[in-house]
**Q** 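Here you go, one structure.
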Amino acid sequence: MILHLDMDYFFAQVEERENPRFKGEPLVVGSDPKGGEARGVVSTANYEARKFGISSGMAISKAYKLCPKAIYLPVNKNLYSRVSESIFRIMETVSDKCERVSFDEAYLDLSRVAKNYSQAEKIGRDLKEMILRKEKLTSSVGIGKNKMIAKIASEEDKPDGLTVVRPGETIGFISKKSVRDIPGIGPKTEKELEHILGKSDLKVKDLKRLSMDQLVNDFGKRGADIYKKARGKDDSRVKTKTETKSLGRETTFDKNTTDPEVIISTFKSLSKEVVDLAREEERNIKTIVTVCRFEGFDSYTKQISFKPKKPTRDLVYGEGVKLLLDLLTQKARPVRLLGVRVIFVKSKNR
DNA sequence: AATTCATTATCAC
DNA sequence: CTAACGGTGATAATGAATT
């Protein structure tokens, strides 16, 4: 028995709470639109802004065109992080089997704490109530027999919703949903599935026409996953703690650049950030990856592996620039984005 | 033959 | 007219290089 909780339009809702004058006005949290010239994206928009067609992930320049008079706020990560921590602590009082997915999303395994779905529902209501009381924020909850069902259920009735899907209702619940509602099926996979089935606007029930064999053939491991999910099955566990496997920083320039001074100094500061953060992990690294996106949006990576070493600035910057210079001389084109990432060595015992 | 490395693709939020 | 489009991290596929 799994519960999924998703905060409603989280960043924007927090900003409304901090400044109630924003309520009722279209509000967009994301990068500075700079009069429509900026290259960032929308993080979260409140419902008033969504009426203009603005949504998460959209280019901020497009959002600005759709609604220049909206209130545009920068992403105040520290604030959301504090609120997030408080919400997770509330959730963890209900069950310590809690998986934090992002700032505003988490799963709880209720198998040990609820005898039946009615009890689970009560827990869901209580959770929403506690969060509202403590943080003055609304959330949406879904409960189902596995993580996938719980997640889709939490989307069902937002904002401020609570949906319980009992095991017997599972198939009926998902069959009419779009294939895009299945976590793990993104735009590319949807397109490919449409091509295979010769039909657009695919529903979950349509997927049942595809055999396990065919799906595995076409999509590998993910195909097997799709086969099961189309039948309401998902045996992934709620995982409470996971260790960081990699850590990186990247940045997009305001304008594409060919200036070596700018490129190198930017890379240097990205490297410094990565090293400072990697140090806190107190673990060795085994790979350094540099990323470069050029004018035209095509991206390339170059990486180097070695015997486990401490993440020092000399190492990460030193090896990193070599990789970067390789990419730059190979392409010799204006640069849009630069990034650097380190991959940690797996630590022993778990 | 098995494992690791390098690179790209896809996805989620 | 169309495209516009961040940052962080995970996982998988594939082919080459190593062990």
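In what follows, every chain begins at residue 1, and chains take the letters A, B, ... in the order their sequences are listed.
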**Q** Any base atoms under 4.0 Å from A:Ile60, or only sugar-phosphate, or nothing? Heavy atoms, all strands.
**A** nothing

**Q** Base, sugar-phosphate alone, or nothing: which one does A:Arg341 contact when heavy atoms must sit under 4.0 Å apart?
**A** base

**Q** Could you state the atom-to-atom distance from CD of A:Glu319 to P of B:dC5 in whole Å?
**A** 14 Å

**Q** Between B:dC11 and C:dG6, how far is it from one C1' atom to the other, in whole Å?
**A** 15 Å

**Q** In whole Å, what is the span from the CD atom of A:Gln303 to the C1' atom of B:dC5?
**A** 7 Å

**Q** Ring-plane angle category for A:Tyr9 and A:Tyr47, please: parallel below 30°, perpendicular beyond 60°, tilted otherwise.
**A** perpendicular

**Q** Closer than 4.0 Å, any side-chain N/O of A:Ser246 to the OP1 or OP2 of C:dA10?
**A** yes

**Q** Just call it for A:Phe103: base, sugar-phosphate, or nothing, with non-hydrogen atoms closer than 4.0 Å on any strand.
**A** nothing

**Q** Among the nucleotides B:dT10, C:dG6, C:dG9, which one has an atom lying closest to any side-chain atom of A:Leu247?
**A** C:dG9

**Q** Return no unless some side-chain N or O of A:Thr252 is found under 4.0 Å from OP1 or OP2 of C:dG7.
**A** yes

**Q** Determine the contact category for A:Lys65: base if any of its heavy atoms lies under 4.0 Å from a base atom, sugar-phosphate if only primed atoms, P, OP1 or OP2 are that close, otherwise nothing.
**A** base

**Q** Tell me which of A:Glu273 and A:Gly220 sits closer to the 5' end of DNA chain C, going by the nucleotide each one is nearest to.
**A** A:Glu273

**Q** Assign A:Arg336 to base, sugar-phosphate, or nothing according to its heavy-atom contacts below 4.0 angstrom with the strands shown.
**A** sugar-phosphate

**Q** Just call it for A:Thr251: base, sugar-phosphate, or nothing, with non-hydrogen atoms closer than 4.0 Å on any strand.
**A** sugar-phosphate

**Q** Using a 4.0 Å heavy-atom cut-off, does A:Thr301 contact any base of the nucleic acid, only the sugar-phosphate backbone, or nothing at all?
**A** base

**Q** I want to verify a distance call: between C:dT11, B:dC11, C:dT8, whose nearest atom is closest to the A:Arg222 side chain?
**A** B:dC11

**Q** May I ask you to say what A:Thr287 touches in the nucleic acid, namely base, sugar-phosphate or nothing, with a heavy-atom cut-off under 4.0 Å?
**A** nothing

**Q** Count the heavy atoms of every other residue, nucleotide or ligand shown that sit under 6.0 Å from NZ of A:Lys203, and state whether that count exceeds 12.
**A** yes

**Q** Starting from the 5' end of DNA chain C, give me the residue, A:Gly296 or A:Arg249, whose nearest nucleotide shows up first.
**A** A:Gly296

**Q** Tell me whether the side-chain N/O atoms of A:Lys302 come closer than 4.0 Å to OP1 or OP2 in B:dA6.
**A** no

**Q** Rounded to the nearest angstrom, tell me the gap between atom CD in A:Glu192 and atom C1' in C:dA13.
**A** 13 Å

**Q** Indicate, with a heavy-atom threshold strictly under 4.0 Å, whether A:Lys62 touches base, sugar-phosphate, or nothing.
**A** base

